[in-house]
Protein chains: 2
Amino acid sequence: MPDHTRPPGKRVTIYDVAVEADVSPSTVSRAFSRPSRVNSETAERIRRVAERLGYRTNPLARALTTSRTQMIALVIADITNPVYAEIVRGAQEAATDGEYTTVLIDAQESDRLERAAVERAMSTVDGIVLASSRMSDSAIRMVAKQRPVVVLNRALADVPCVVTDDPRGVRRAAEHLGELGHDHITYVAGPQASWPNGIRWRSLLEAGMELEIKVRQIGPFSPTMAGGERAAQELYARPATAVLAFNDQMAIGIIRGLSRMGVNVPGDVSVVGFDNILAADIVTPGLTTVAAPLYAEGSAATRHLLTMIEGAPGHTGRPMVLPVRLVVRDSTAARNPSPGRARPSWARQRSGPGPAAHLP
Amino acid sequence: MPDHTRPPGKRVTIYDVAVEADVSPSTVSRAFSRPSRVNSETAERIRRVAERLGYRTNPLARALTTSRTQMIALVIADITNPVYAEIVRGAQEAATDGEYTTVLIDAQESDRLERAAVERAMSTVDGIVLASSRMSDSAIRMVAKQRPVVVLNRALADVPCVVTDDPRGVRRAAEHLGELGHDHITYVAGPQASWPNGIRWRSLLEAGMELEIKVRQIGPFSPTMAGGERAAQELYARPATAVLAFNDQMAIGIIRGLSRMGVNVPGDVSVVGFDNILAADIVTPGLTTVAAPLYAEGSAATRHLLTMIEGAPGHTGRPMVLPVRLVVRDSTAARNPSPGRARPSWARQRSGPGPAAHLP
DNA sequence: CAATACATGGCAACCCGTTGCCGCGGTGGC
DNA sequence: GCCACCGCGGCAACGGGTTGCCATGTATTG
């Protein structure tokens, strides 16, 4: 059984170093926190003594007076959602570069849990990145009053935000589907509380207007594969040839659900997702999707947060917008020109009542 | 632009509460940290005053004397690896239940980064969970000397460990393949530095012995999809009918690689993975795999860590072993009985002289 | 050469709780 | 009626750095 108590001398402090280096504790302190404030030779000597004694500055004690812990909190909605992996990595790396440590908080899609965790962490961290927060605007503003905050994937007045260029992504997806001959796109909505969900739908409305493509919305559904499978059932009842899903997981669920019911993707229906998670590339068919720069999101949000912590104003004017791109894979194809092929229930149903309306 | 400075009175401290409640600061302190030590009416009064003033105990100041921060570090090898998502969730939840906050450290598969990050976090956390550490045994022991540590997925004398029952999982996989008529299993190895990799191979050797199945190993390959695709090429050159991959990502890569070369899974080759990541269920064909109780791993390791922090000895005798189970999907099938089908290079190569030499 | 400026280091207060120890008043035992 | 004990609260010393201010001693300037 390991022994976690240093045998005699406990922990090495600046006082120990001070005695050994024959200077006062304050000089030792300055040698580390303000090297310019002390003679370089003295500083060097102190550093050597500290090294020899194995001194490590105690971040807690330092934090007590400076109220800087060199830690930031990263709050994500659901760690099992692969979207966040890259975001976390980006944030983590930016934090490490700035000599900060990251406290990860998984809100588990719960407003309550998120608030409680943020509350608890708040006094310990120097700033917070809220990625896809489930909290209300006012709750976020509350937090932003007490600590520097950067919000990811959500625009919010008076709080610095980083968002992706979803309108452009949706537009590109719509163009792509239009070029394939689709004149009607069904948006499969995610959580209504999700900010990107609203943006994506409105962007599609707009794109449809300009491109002369009809659009409609179904949902909301849970933003998971299971949600997508439920959406597939509804899609089966009210067929479409082109579908834009709120995110990749739903898109994958939709494809699975449709396949199970005998509907072919992309033969009968084209499906486009959002985010470009890793799985988008390994499913069959490969998922056409709007790729968000996940790593860059985490990184940009964190870097901005760090500058705020260092005292920068925190541009709250307009959100920082990150570019997206459309990744075309195999889940989209030209609109099937021969409805005469043997998929009667599906093909016929589109155009009104018929005997085979609800065949498998 | 938000203002992060409380206008007049800075932060509320026990001293403010003490004045207002007309008691000494120590009484306020005790009212929160040792309620039994103070008259219940007094405590109640103090609590009300504190509430009114918006007092929050400062965890840093508390930590300074108690040297307990109520934080633990969770170190993972690679956050983009989906295996860790569930582990993190399990750990996170256990930590939250125990009123602890989690500091996540992503080592990015780098020994150096891991050591640096652990070094930095060490003085701030009460304990550390090392999930699939890339550090050397001695480095881990070093850390374990200074803080309570629980190691996940690795057995290490003198340090508490939580591992999965890989031998049993491998055994089950081998039995499954044996029942399907396979008399030869190829193990596709992951990183040699990975502790589970060694265990899995040795377990397969053993299981092969008992079940009278021949085994061989190829690799090592990187534990990623790309690594799996490279392995597929080698498998193509030296064919096999049954493959056990180090992990699911490699298994998925193998299936993709083989498919691209015209080899059918499971028709020509059965593939078994390890871990049962989410993607295992959504690829085509669905991946047969040894499911590790990922959530339980994170949870068990963390709970054990917390008991150690609370002063329990930390059973270092034998590792805690978590059960696994075989999840059978569609990537395994009976060994193809008709080598006469049109896949000459593949079928012939196996048996050298006679075409049917190794039929069941 | 006097006067001012600067570099350097020490002193002591401070950050905000925690805790060992002591004292005071009240209660119960004998 | 005396003493031991208990419940409760206060005092003061931490814990480990940080930092404003002052005291030197040396360098610069006029």
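Letters go in sequence order (proteins before strands), and every chain restarts at 1. Side chains included, hydrogens not; waters and symmetry mates left out as well; all remaining heavy atoms used. Since we're looking at a predicted model, the values are computed, not measured.
- Taking atom CZ of residue B:R68 and atom C1' of nucleotide D:dG16, one finds them 19 Å apart after rounding to whole Å.
- Looking at heavy-atom distances under 4.0 Å, A:T42 makes contact with sugar-phosphate atoms alone, never a base.
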Grab the N/O contacts between the protein and nucleotides 10-14 of chain C below 3.5 Å, and write none if there aren't any.
| residue | atom | partner | partner atom | Å |
| --- | --- | --- | --- | --- |
| C:dG10 | OP1 | A:S24 | N | 3.4 |
| C:dG10 | OP2 | A:S24 | N | 2.8 |
| C:dG10 | OP2 | A:S24 | OG | 3.0 |
| C:dG10 | OP2 | A:T27 | OG1 | 2.5 |
| C:dG10 | N7 | A:R30 | NH2 | 2.9 |
| C:dG10 | O6 | A:R30 | NH1 | 3.4 |
| C:dG10 | O6 | A:R30 | NH2 | 2.9 |
| C:dC11 | N4 | A:S26 | OG | 3.2 |

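- For A:L60 and D:dG17, the CG to C1' distance is 11 Å, given to the nearest whole Å.
- What separates CD of A:E44 from P of C:dT8 is a distance of 15 Å, to the nearest Å.
- Side-chain contact, B:S26 with B:S29: no donor N or O sits under 3.5 Å from an acceptor N or O.
- Within the nucleic acid shown, A:S33 comes within 4.0 Å of sugar-phosphate atoms alone, with no base atom in reach, counting heavy atoms only.
- In terms of phosphate contacts, B:T66 brings no side-chain nitrogen or oxygen within less than 4.0 Å of OP1 or OP2 of C:dT18.
- In this structure, the separation between CG on A:N39 and CZ on A:R45 is 9.0 Å, given to the nearest 0.5 Å.
- Side-chain proximity of B:I14 to the nucleotides C:dG9, D:dG16, C:dG17 is greatest for C:dG17.
- At a threshold of 4.0 angstrom between heavy atoms, the contacts of B:R56 are confined to the sugar-phosphate backbone, with no base atom among them.
- Between B:E297 atom CD and B:N153 atom CG the span is 4.5 Å, to the nearest 0.5 Å.
- Using a 4.0 Å heavy-atom distance criterion, A:S29 is classed as a base contact.
- With distances taken from any side-chain atom of A:R34 to the nucleotides C:dG17, C:dC15, D:dT19, the minimum falls on D:dT19.
- Between the CG atom of B:L64 and the P atom of D:dA13 there is a distance of 17 Å, given to the nearest Å.
- Contact of the A:L152 side chain with the A:L130 side chain is not registered, since no non-hydrogen atoms from C-beta on lie closer than 4.5 Å.
- Contact annotation: B:N58 does not reach the phosphate of C:dG17 (side-chain N/O to OP1 or OP2, under 4.0 Å).
- Residues A:Y55 and B:N39 each lie close to DNA chain D; by heavy-atom proximity, the contact nearer the 5' end of the strand is made by B:N39.
- Closest approach of A:L322 and A:V162 over heavy atoms only: CD2-CG1, 3.8 Å.
- Listed by first and then second residue, the ring-ring contact (aromatic ring centres under 6.0 Å, His included) pairs that reach into residues 51-72 of chain A are A:F32-A:Y55, sequence neighbours excluded.
- When each of B:A43 and B:R62 is assigned the nucleotide of DNA chain D bearing its nearest heavy atom, the one mapping closer to the 5' terminus is B:A43.
- A:D22 CG: 12 or fewer foreign heavy atoms inside a 6.0 Å radius.
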